[in-house]
Amino acid sequence: MKSKILLIYTGGTIGMKQDPENGALVPFNFDQILEEVPELKKFAYQIDTFSFHPPIDSSEIETGFWQEIAILIGSKYDSYDGFVILHGTDTMSFSASALSFMLENLEKPVIFTGSQLPIGMLRTDGKENLISSIEIAAAKDDQGRAMVPEVCIYFESQLYRGNRTTKHNAENFRAFRSSNYPCLAEAGVHIKYNTSFINYPKTWGNNLNINTSLDTNVAILKIFPGVSQQVVSGVLNSKGLRALILETYGSGNAPTKPWLMDILKDAIANGIIILNITQCQAGSVDMDAYSTGILLKKMGVVSGFDCTTEAAVAKLFFLLGHNYDNQQIKDLLRKNLRGEISIN
Ligand code: ASP
């Protein structure tokens with residue numbers, strides 16, 4: 001039977017062209033994208049399309065948009081073998097992370113891709129990204145099961161677990177990095193799947209669970225030498241704040257100034273969850289490594305291990321969106337829910 005793929009267009013550079021008036025890139029419609037890639041007709045798959053109106057630059061993404069995508073995938077889940085989402089690169093790692101939490105018991109591929117150069121340009125990276133993403137979304141093993149039943153990002157010949165990625169380059173075709181987890185597949189002459197790193201369901205045939213309830217009362221505070229008391233207390237006193245991602249140095253260290261310790265302690269006593277994420281591109285938080293980290297651990301700061309900031313935001317939105325109490329949320333933050341941290 002022919003594989004069926006749903007290609008979802010949300011916007012981003014892949015589908016943009018230059019505005020003749022000011023030279024800025026603005027989105028164009030989906031039919032024009034398809035005209036630019038006649039190769040899609042050569043696939044032996046059925047490729048159906050869905051376009052968001054109007055297509056948007058991914059800098060405009062809000063949580064409502066993730067909810068729409070999750071609901072769309074849920075409503076079409078039984079009719080398709082895989083999903084490819086064309087999305088701007090700027091927030092692609094956030095969206096892929098969010099969808100990884102929102103889609104529970106996923107057994108089909110959901111592949112985000114886009115490009116650094118619009119698809120209508122001669123040197124575009126968009127065609128290869130799109131064509132290989134479709135091939136990966138349709139790929140099955142010899143028992144007819146999806147090769148990659150995960151939310152992923154495909155970019156410049158690499159397939160990554162979505163919630164492990166960060167956009168790290170605004171110009172290079174290799175725009176994404178997954179520093180703490182190996183890539184799930186690599187496209188060369190053949191597409192090679194690293195099956196030992198792909199998450200497969202323990203048992204197949206479960207129903208997809210869609211979680212659309214998200215709570216965005218989260219802030220990010222990056223520690224830097226000289227960070228002021230006013231700034232830290234301003235952030236922690238934000239109305240309605242429920243969780244703070246504290247971006248710390250190295251393996252999870254922060255200055256030990258008494259005023260900082262006091263503000264953090266008070267916040268925790270007032271029910272704010274503080275999650276420790278390293279500012280480093282690679283490696284993990286280890287609050288036992290230095291006395292500066294031990295202090296944070298003692299006061300109840302939760303380790304984010306090797307989670308990216310993007311996945312931490314998504315995980316907190318998702319957990320806060322449930323009716324869990326703070327202790328349950330802290331316990332779940334320390335657990336590997338969708339392959340987002342290297343902990344069992
Ligand atoms: N600003 C664009 C976006 O994220 C950049 C891109 O697609 O590469 O929508």
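Model, not experiment: these values are computed from the prediction. Remember, it's 1-based here, ligands and their atoms both numbered in the order they're listed.
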- Option of least heavy-atom distance to atom 8 (O) of ligand 1 (set: Ile61, Leu25, Thr89, Asp90): Thr89
- Query: Is there a nitrogen or oxygen of Thr91 sitting under 3.5 Å from a nitrogen or oxygen of ligand 1?
  - Reply: no
- Among the heavy atoms of Ala175, does any lie under 4.0 Å from an atom of ligand 1? no
- Task: Specify the closest pair of heavy atoms between Leu319 and Tyr324, including all atoms of both residues, with the distance to one decimal.
- Result: O-CD1, 3.6 Å
- Query: What pair of heavy atoms forms the shortest contact from Leu184 to Cys152, and how long is it?
  - Reply: CD1-SG, 3.9 Å
- Query: Should Lys167 be counted as touching ligand 1, given the test is an N or O pair under 3.5 Å?
  - Reply: no
- Chi angles and distances behind the side-chain hydrogen bond (donor to acceptor under 3.5 Å, both in side chains) call for Gln116, Asn172: CA-CA 8 Å; Gln116 294 282 58; Asn172 200 286; over 6 Å; no
- Query: Nearest to atom 4 (O) of ligand 1, what protein heavy atom do you find, and at what distance?
  - Reply: Ser58 OG, 2.5 Å
- Query: Cation-pi between Arg161 and Tyr181: NZ/CZ under 6.0 Å from ring centre and within 45° of the ring axis?
  - Reply: yes
- Message: Show the atoms of ligand 1 that are less than 4.0 angstrom away from any heavy atom in Ser115.
- Response: 8 (O)
- Test the Lys108-Tyr77 pair against the cation-pi criterion, namely NZ or CZ under 6.0 angstrom from the six-membered ring centroid and within 45° of the ring axis. yes
- Note on the structure: Note: ligand 1 atoms sitting under 4.0 Å from heavy atoms of Gly12 are 7 (O), 9 (O)
- Thr13 neighbourhood, listing ligand 1 atoms whose heavy-atom distance to it stays under 4.0 Å: 2 (C), 5 (C), 6 (C), 7 (O), 8 (O)
- Note on the structure: Here the pair of heavy atoms bringing Ala146 nearest to Tyr200 is O-CE2, 3.8 Å
